Every structure is written in structure tokens, then in C-alpha cells.
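Just so we're clear, the structure is a prediction, and the values are computed from it rather than from any experiment. Order of listing sets the numbers, starting from 1, for every ligand and every atom in it. Only this structure's heavy atoms are used, side chains among them; waters, hydrogens and symmetry mates stay out.
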Amino acid sequence: MRVLRSGRVVQGPEVAAFEHEFSSMVADRHCVAVNSGTSALHLTLMALGIGPADEVIVPSFTFAATANAVRLVGADPVFADIDPATYCLAPDAVAAAISPRTAAIMPVHLYGHPAPMDDLQALADRHGLAIVEDACQAHGAALDGKPAGSFGAAGCFSFYPTKNMHALEGGMIATADANLARRLRLLRNQGMEARYANEIVGANLRMTDVAAAIGRVQLEQLPGWTEQRVRNAKSLDARITALPAPFVADGATHVYHQYTLRAPGERDRFQRRLSELGVGSAVYYLTPVHRLRPYLPEHGHLALPETECAVAEVVSLPVHPSLTPAQLDRVAEAVNEAGSLL
Ligand SMILES: *Cc1c(COP(=O)(O)O)cnc(C)c1O
């Protein structure tokens with residue numbers, strides 16, 4: 001209401017304050033707010049000058065937005081397989097996917113677990129590639145204390161309502177490069193910084209001040225929510241005996257955007273039984289991106305065995321911060337009972 005009454009409702013003081021406050025989450029990098037996580041990824045590739053001549057290595061085990069951003073700038077996504085433990089890009093698979101046309105690697109910190117950034121950065125350095133982190137599920141995640149979104153040339157976040165924090169819709173790009181930050185600011189707003197002083201061709205991907213004001217309140221809550229997510233996850237880890245707990249790599253801070261187990265063999269029956277016991281569950285992702293319709297003709301033939309295996313086995317359970325202890329008990333008991341079907 002304060003924002004609406006102020007009359008400054010788009011890319012005004014609330015957006016500037018949100019950018020400033022969010023930068024403390026990403027090692028004080030420059031932060032540029034946009035209207036979605038997809039816009040953050042798309043704009044970053046645009047600002048890096050990635051286009052039709054280029055290939056960008058992405059996982060297929062992710063939300064379609066990761067590869068869509070690559071296609072939107074006219075570049076070709078190259079799908080690489082994942083590490084079955086973390087569900088993030090496997091460095092050896094990325095190494096095998098590098099070609100003379102490769103311009104960038106886009107690791108996704110899937111489910112809130114950080115990708116293996118040290119190995120990926122070493123590869124990127126060796127081949128002169130940019131890294132664009134898809135941190136849309138990883139607000140507050142870290143590797144050896146270094147936050148997700150602060151490793152690559154840029155880190156991209158989403159503030160869609162299902163994420164660990166939201167702004168109705170919204171996105172943020174974090175970068176240590178002041179020139180890249182300025183280019184992003186131009187590109188999100190018709191190529192201008194000062195009004196009507198257009199410097200380059202740009203789009204309109206601005207965040208509203210209403211969204212930013214909501215994002216600022218959410219950002220204040222995020223540390224407490226993340227602690228609660230981690231407590232919930234640890235509680236499920238301790239009580240679920242039927243299936244192995246989600247893996248957490250050494251040095252990784254997992255923020256449990258999803259709490260994901262593997263239910264090999266009889267996942268459908270497992271989920272049906274959970275549902276009968278009053279426990280919701282979901283599969284992220286039922287179809288790997290390379291087999292979604294826009295990618296199928298060109299990429300459908302690819303062999304990505306760990307991706308296919310994950311697609312067939314994963315199941316995500318409730319872990320959100322508003323679960324009560326009684327609900328957590330019920331989730332664990334239901335999983336232990338339904339697990340006997342596997
Ligand atoms: C949500 C999400 C996006 C896109 O974010 P939007 O704000 O919905 O555009 C991109 N990548 C991943 C991995 C996501 O989970």
C-alpha cells in the first residue's frame with residue numbers, strides 16, 4: 001500500500017533497495033532486478049553477447065527455462081548428464097560436451113543443492129567459457145561458505161511464488177563485473193539508463209516496486225525459513241528408514257527447495273499409497289528437457305542415462321517451513337509404510 005500510494009511503482013526506490021539488500025546474499029555482487037528468473041537468464045546471455053554462433057552447455061534434468069533462455073538468444077543448448085548423487089551437472093559430462101562453439105556453461109543448483117562449481121570453473125577457465133549459474137532454486141545455498149549465484153560471470157535467481165522466497169514474479173542477476181551489470185541495466189529498460197537517452201537496443205524486463213517491496217519483506221524472512229527447511233529435512237532424514245536420505249556433498253549448504261528421494265521401480269504405486277495416507281508428493285521433472293517437444297527433434301536421441309534414471313525414480317516430499325512437527329511425523333511414517341511397496 002505504501003508503494004501504491006507513493007506513485008513510484010516501477011523500477012523505483014523499492015527496486016533499488018531490493019537490489020541493494022539482495023547483494024548481501026551474493027557476496028556483495030552488483031544486483032540487477034528483472035521481472036522473472038527466465039528474464040534473468042535470458043538477459044544475462046544477451047548481455048554476454050551469446051547468440052546463434054554459440055553453444056551453451058545445460059543440464060536436461062531441470063526446468064525448461066534453463067534451455068529456453070539459450071534458445072531465446074538464438075544459441076544452441078547442448079545437454080549434458082548429471083551426477084546421480086546431487087542431480088547437478090556432472091563435470092566429466094560437461095567436459096565431453098565442450099566443442100569449438102561452446103561459449104558458456106549453465107549449471108543449475110537443482111533442488112537447492114549447489115552444483116560442483118570448483119570443477120566447473122576449472123573447466124570454464126581451461127576453455128575460456130563463461131559460467132551462468134541458474135540459482136533459481138538456490139537462494140541462500142552455498143559451497144564451502146561461498147553463496148550460490150556468486151561463482152560465475154553471473155548468477156540468476158527467481159522470485160516465483162513456489163521458490164524459497166518470492167516477489168509475486170521477479171528475478172535477480174548477481175555479477176561481480178560492473179560493466180556487465182551496466183549492460184544488464186540498459187538491456188532490461190529499452191537500452192537506456194537516463195530517460196530517453198537510449199544507448200543500445202533493449203527490452204522491457206523491469207521489476208515493479210510492488211514486487212520489490214514484497215521481495216524485501218520475503219528476503220527478511222528467508223534466513224528463518226531456510227533454517228526451518230533444513231531442520232525439517234534433517235528431521236525427515238532421521239525418521240525415514242525405508243529410503244536413503246537426499247545426498248549432501250562435502251562443504252555444501254543445501255537449502256532444500258525440494259526434499260527429493262528415489263523410489264526405484266514402483267514410484268507410481270509409492271506415490272498413490274502416500275496420497276492414500278494423506279501425504280502429497282510430486283515429481284520434478286517427469287520429462288527431461290531434451291525430450292520436451294521443442295527440443296525433441298534435435299535432441300531426443302541423446303543418451304543421458306543418469307538423467308533418464310532420475311526422471312524415472314525421483315519423488316519430492318513436503319519440506320516447506322510451515323510444516324508442523326505432527327505433519328513431519330506423518331510424512332515420515334507414510335514414506336516408511338509406502339516404501340515397503342518398492
Ligand atoms: C523457476 C525456475 C526458473 C525460472 O524462473 P521464473 O521466475 O519462473 O521465470 C529457471 N530455472 C529453474 C531451475 C527454476 O526452477
Side-chain angles (χ1 to χ4, degrees), residues 15 18-19 22 31-46 56-73 77 79-80 82-83 86-89 104-115 117 120 131-141 148-149 151-152 154-174 184 188 203-208 210-212 214-215 218-219 222 229 254-260 282-290 292 294-295 307 310-311 314 316 319-320:
V15 170
F18 187 31
E19 290 175 335
F22 196 84
C31 284
V32 179
V34 289
N35 59 358
S36 75
T38 308
S39 296
L41 296 166
H42 182 192
L43 203 66
T44 298
L45 295 179
M46 242 195 267
V56 178
I57 299 171
V58 297
S60 176
F61 194 60
T62 178
F63 184 53
T66 316
N68 283 348
V70 176
R71 274 283 178 85
L72 284 170
V73 296
F79 295 100
I82 52 166
D83 174 337
T86 63
Y87 305 106
C88 297
L89 275 178
I105 307 169
M106 284 175 81
V108 180
H109 306 299
L110 201 76
Y111 302 150
H113 187 291
M117 296 311 299
L120 294 176
I131 288 190
V132 176
E133 298 170 70
D134 182 337
C136 289
Q137 301 185 0
H139 318 67
F151 289 87
C156 299
F157 293 85
S158 165
F159 305 119
Y160 187 69
T162 58
K163 312 296 180 175
N164 288 21
M165 65 169 284
H166 79 89
L168 304 179
E169 287 268 20
M172 193 73 81
I173 306 152
L184 290 164
R188 76 172 164 183
N204 170 7
L205 303 173
R206 294 182 297 253
M207 179 182 273
T208 70
V210 176
I214 292 169
Q218 291 264 318
L219 184 59
L222 183 69
R229 276 179 186 276
H254 192 334
V255 294
Y256 295 98
H257 173 62
Q258 298 295 343
Y259 183 91
T260 303
V283 174
Y284 307 102
Y285 297 89
L286 268 173
T287 308
V289 178
H290 76 284
L292 293 174
Y295 298 98
T307 295
V311 158
V314 292
S316 297
V319 72
H320 59 84

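The CG atom of N35 lies 5.0 Å from the CG atom of L205; values are rounded to the nearest 0.5 Å. For the atom pair H113 NE2 and Y87 OH, the distance stands at 10.5 Å (nearest 0.5 Å). Atom CG of L120 and atom CD1 of I105 lie 6.0 Å apart (nearest 0.5 Å).
Using a distance-only test at 3.5 Å, with no hydrogens or angles considered, no donor-acceptor pair links the side chain of N68 to the main chain of T38.
More than 12 heavy atoms of other shown residues, nucleotides or ligands fall within 6.0 angstrom of atom OH in Y285.
For R188, the salt bridge (charged side-chain N to carboxylate O under 4.0 Å, His left out) partners two or more places apart in sequence, or in a different chain, are E19.
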Check each N or O atom of ligand 1 against all protein N or O atoms and list the pairs under 3.5 Å, with atom names and distances to 0.1 Å, one per line.
{"from": "ligand 1", "atom 1": "5 (O)", "to": "S158", "atom 2": "OG", "distance (Å)": "3.3"}
{"from": "ligand 1", "atom 1": "7 (O)", "to": "G37", "atom 2": "N", "distance (Å)": "2.8"}
{"from": "ligand 1", "atom 1": "7 (O)", "to": "S158", "atom 2": "OG", "distance (Å)": "2.6"}
{"from": "ligand 1", "atom 1": "9 (O)", "to": "G37", "atom 2": "N", "distance (Å)": "3.3"}
{"from": "ligand 1", "atom 1": "9 (O)", "to": "T38", "atom 2": "N", "distance (Å)": "2.8"}
{"from": "ligand 1", "atom 1": "9 (O)", "to": "T38", "atom 2": "OG1", "distance (Å)": "2.5"}
{"from": "ligand 1", "atom 1": "11 (N)", "to": "D134", "atom 2": "OD1", "distance (Å)": "3.3"}
{"from": "ligand 1", "atom 1": "11 (N)", "to": "D134", "atom 2": "OD2", "distance (Å)": "2.7"}
{"from": "ligand 1", "atom 1": "15 (O)", "to": "Q137", "atom 2": "NE2", "distance (Å)": "2.8"}
{"from": "ligand 1", "atom 1": "15 (O)", "to": "K163", "atom 2": "NZ", "distance (Å)": "2.6"}

